[in-house]
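Remarks on the structure that follows.
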Number of protein chains: 2
Amino acid sequence: MARKSASGRIGIADVAVKAGVSHATVSRVMNGNFTVDPDIAARVRAAAAELKYQPNPVGRSLALGKTDTIGIVVPDLANPTFQAILRGLSRAAAQDGYRVLIADSFEVSSEESILAGEARRRCDGLVLCAPRMTDAELEEIVPSLHPLVLINRTTAAPDVPSLVVDYGQGVQDIAGHLVQLGHTHLAFLAGPPHSASNDMRLKALETFKAAHPDVDVTMLEGGSDFDTGHEAVDAVLASGATGILAFNDLVAMGLMSGLHERGLDIPGDISVTGFDDIPFAKYTTPALTTGAVPITELGEQAWHQLRALIRKEGNETPGGRYQPRLEVRASTGPAKAPRSTVHG
Amino acid sequence: MARKSASGRIGIADVAVKAGVSHATVSRVMNGNFTVDPDIAARVRAAAAELKYQPNPVGRSLALGKTDTIGIVVPDLANPTFQAILRGLSRAAAQDGYRVLIADSFEVSSEESILAGEARRRCDGLVLCAPRMTDAELEEIVPSLHPLVLINRTTAAPDVPSLVVDYGQGVQDIAGHLVQLGHTHLAFLAGPPHSASNDMRLKALETFKAAHPDVDVTMLEGGSDFDTGHEAVDAVLASGATGILAFNDLVAMGLMSGLHERGLDIPGDISVTGFDDIPFAKYTTPALTTGAVPITELGEQAWHQLRALIRKEGNETPGGRYQPRLEVRASTGPAKAPRSTVHG
DNA sequence: ACCACGCGAGAAAGCGTTTTCTCAGTTCTC
DNA sequence: GAGAACTGAGAAAACGCTTTCTCGCGTGGT
């Protein structure tokens with residue numbers, strides 16, 4: 001009977017007809033506007049319930065100028081770090097009635113700015129994780145993305161909070177831990193060449209080297225995933241280092257796996273550390289010593305910062321800096337007598 | 001100057017004014033409608049470029065009746081299985097210019113149907129993962145969710161493709177593998193009580209028991225995460241079983257971790273298997289024998305099915321059934337002489 | 001030279017809401 | 001008892017776009 005109007009889905013007009021009132025009144029009732037007669041309101045609600053009317057969010061968004069949706073741009077959804085950020089963000093946002101639209105750039109940083117722009121236009125705000133984007137490009141697009149929260153990047157633009165993890169401090173803490181265990185030859189299995197967080201680590205290790213002239217720190221090329229770590233076994237062994245700082249937990253796990261295949265004992269022969277403290281880190285064998293980052297909390301904070309921006313509240317604490325906590329587990333131990341350079 | 005109209009953002013009207021044409025013409029140009037004079041088109045494009053005009057997707061969506069967005073409802077974003085589905089879905093959808101909106105129900109199945117409805121209304125289609133929802137509830141909401149693709153659930157409603165993994169077959173394959181290794185006492189560390197995929201496994205194990213009267217299969221209560229497995233150590237040991245089928249890889253990893261803490265050797269003392277073949281499964285120590293599910297591919301397929309529905313194409317292959325592949329790794333081995341029931 | 005026809009672009013009508021504006025009907029005040 | 005203040009609900013505008021409708025103008029045919 002009084003089913004659908006033209007479009008197929010039932011809309012505010014159908015309810016209005018059924019209740020014998022105008023669109024406007026239905027809208028008022030649905031939005032809890034109390035300037036409407038209780039009897040009429042009841043009639044409208046009854047009609048709405050009977051027709052199972054649900055307001056069309058697109059029409060609503062257009063009229064209200066907001067979507068109740070935020071976007072997040074990540075370089076790789078397969079990376080546990082971004083998964084955790086997404087999770088924290090999504091949960092926190094959901095609590096305030098916001099949804100999350102995801103945009104995975106699949107590591108093609110050239111796409112990132114377009115993706116970010118598109119996502120932003122569909123949403124009320126954006127969280128941007130773009131570790132590989134150049135500074136120039138970042139500065140270029142940032143103004144058009146507001147309200148925006150950056151993860152592990154900073155910008156000169158105003159009103160753009162940055163949530164950054166102090167990878168520099170973290171990596172120095174780990175290096176210090178290894179040195180304390182008697183290691184005098186460390187190796188850093190670096191991350192992706194142009195990653196911002198990798199740069200932070202490299203710089204910090206330079207500082208560390210300067211402060212510890214007695215310890216040797218070899219830099220090795222790497223990446224950010226499992227396979228990188230696995231493939232780096234030869235290079236690591238060739239370096240002769242006994243304490244290895246992997247770029248992150250994934251790389252460390254790959255490396256450990258490779259070392260096991262070579263029959264080496266961790267930490268007996270060689271100590272391995274990761275970074276991030278992804279959920280699996282405590283279940284590896286041996287459990288991984290790492291720099292723990294409260295990454296889910298970071299996603300949550302990202303939402304709080306973004307929410308403040310969206311609501312145009314005075315953002316009392318713009319941005320935030322997270323100190324990694326050294327999490328000592330079983331993958332690090334006292335150094336053996338320094339090995340000479342081993343081959344194969 | 002000719003910056004913004006009222007709203008703050010620049011819109012189609014601003015471009016129209018700048019190019020000295022009507023809104024309609026700008027729209028035509030932006031949509032590649034060729035019925036417009038090349039000179040004018042060029043002028044419009046120039047104006048658009050100069051103003052950095054980008055069409056407002058909300059207005060567009062309202063006019064076109066589509067959002068170029070799909071939704072996915074998952075019970076737990078922390079679960080690698082759903083992360084993988086999301087990843088596959090997101091990547092496949094992105095290739096066709098669609099974005100993904102996520103709705104995490106955080107295991108509160110009472111919220112799932114509301115969440116699903118909300119998500120659906122904002123999107124052109126929905127992928128629903130709701131393992132715990134009752135059949136009745138599912139049947140109730142399914143009609144209002146079309147276009148819809150179900151993961152690991154089926155429905156009587158028409159035009160609702162289901163992508164289901166044959167957990168039953170998978171679990172029987174694993175059990176068979178263990179029996180072949182000489183295990184005569186197996187234990188199944190079950191998943192969440194009302195999960196659809198858990199029911200499939202339980203039923204299959206009954207079948208298996210009937211076909212193998214000589215092997216003992218103990219059922220143990222469990223869950224779906226790491227901690228569940230870890231906490232189940234005592235129960236597993238008490239059962240006396242030598243071949244353990246964990247609900248999934250996460251549970252298996254937790255269990256292995258617990259067994260290691262007890263000083264037990266895997267697979268020397270006890271064989272452990274998982275399910276899913278999450279990325280980490282091959283890097284555990286020992287590497288985990290599991291039922292491999294091409295889970296990312298499943299996400300991808302979900303998109304293809306959904307796309308067919310959205311485009312109203314005749315869906316040649318509605319739904320699909322995935323056979324897990326037995327992936328034998330190092331966590332399973334020959335049975336020791338049957339242990340008598342051990343305590344603590 | 002005139003008419004029909006086609007082409008290109010502006011005017012206007014949607015899309016489904018919210019919200020302002022407006023006005024009829026009451027109630028209150030002096 | 002008449003005008004003012006108020007209340008509640010409908011009419012209409014707005015949100016930003018796409019698309020149909022319409023119409024002026026130029027072209028080709030006879």
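The figures that follow rest on heavy atoms only: side chains count, while hydrogens, waters and symmetry mates do not. Naming: A, B, ... by sequence-line order, numbering from 1 per chain. Note that this is a predicted model, so its numbers are computed, not measured.
Counted within 6.0 Å of NE2 on B:H146, heavy atoms from surrounding residues, nucleotides or ligands total more than 12; the atom is thus considered enclosed. Summarising the local packing, CD of A:E140 is surrounded by 12 or fewer heavy atoms from other residues, nucleotides or ligands at distances under 6.0 Å.
Using modelled atom types and a 3.5 Å distance limit, the side chains of A:E111 and A:S105 yield no donor-acceptor pair.
For B:S22 and B:A63, each mapped to the nucleotide of DNA chain C holding its nearest heavy atom, the one lying further toward the 5' end belongs to B:S22.
The separation between A:R28 atom CZ and D:dA11 atom C1' is 10 Å, rounded to whole Å. The CZ-P distance, from A:R9 to C:dG16, rounds to 10 Å in whole Å. Nucleotide D:dG16 holds its P atom 21 Å from the NZ atom of B:K66, rounded to whole Å. The distance between atom CG of B:L64 and atom C1' of C:dG14, rounded to the nearest whole Å, is 12 Å. Whole-Å rounding puts the A:N56 CG to D:dC15 P distance at 19 Å. Straight-line distance from the CG atom of B:L62 to the C1' atom of C:dG14: 9 Å, rounded to whole Å. Atom C1' of nucleotide D:dT7 and atom CD1 of A:I40 are separated by 12 Å, given to the nearest angstrom. The distance between atom CE of B:M30 and atom P of D:dT19, rounded to the nearest whole Å, is 14 Å.
No option in B:L101, B:I310, B:L126 other than B:I310 meets the side chain to side chain contact (heavy atoms under 4.5 Å, CB included) test with B:I70. Checked options A:N31, A:D68, A:T67; the residue passing with A:R60 is A:N31 (criterion: side chain to side chain donor-acceptor pair (under 3.5 Å)).
Contact check, B:T25 against C:dA9: no side-chain N or O comes under 4.0 Å of OP1 or OP2. Between A:Y53 and C:dT17 there is a side-chain polar atom (N or O) within less than 4.0 angstrom of OP1 or OP2. Neither OP1 nor OP2 of C:dG8 sits under 4.0 Å from any side-chain N or O of B:T35.
Within the 4.0 angstrom heavy-atom criterion, no nucleotide atom of any strand lies near B:F34. As judged by a 4.0 angstrom heavy-atom cut-off over every strand, B:N33 is placed among residues making no nucleic acid contact. Within 4.0 Å (heavy atoms only), B:S27 reaches at least one base atom of the nucleic acid. A:V58 comes within 4.0 angstrom of no nucleic acid atom, judged by non-hydrogen atoms across all strands.
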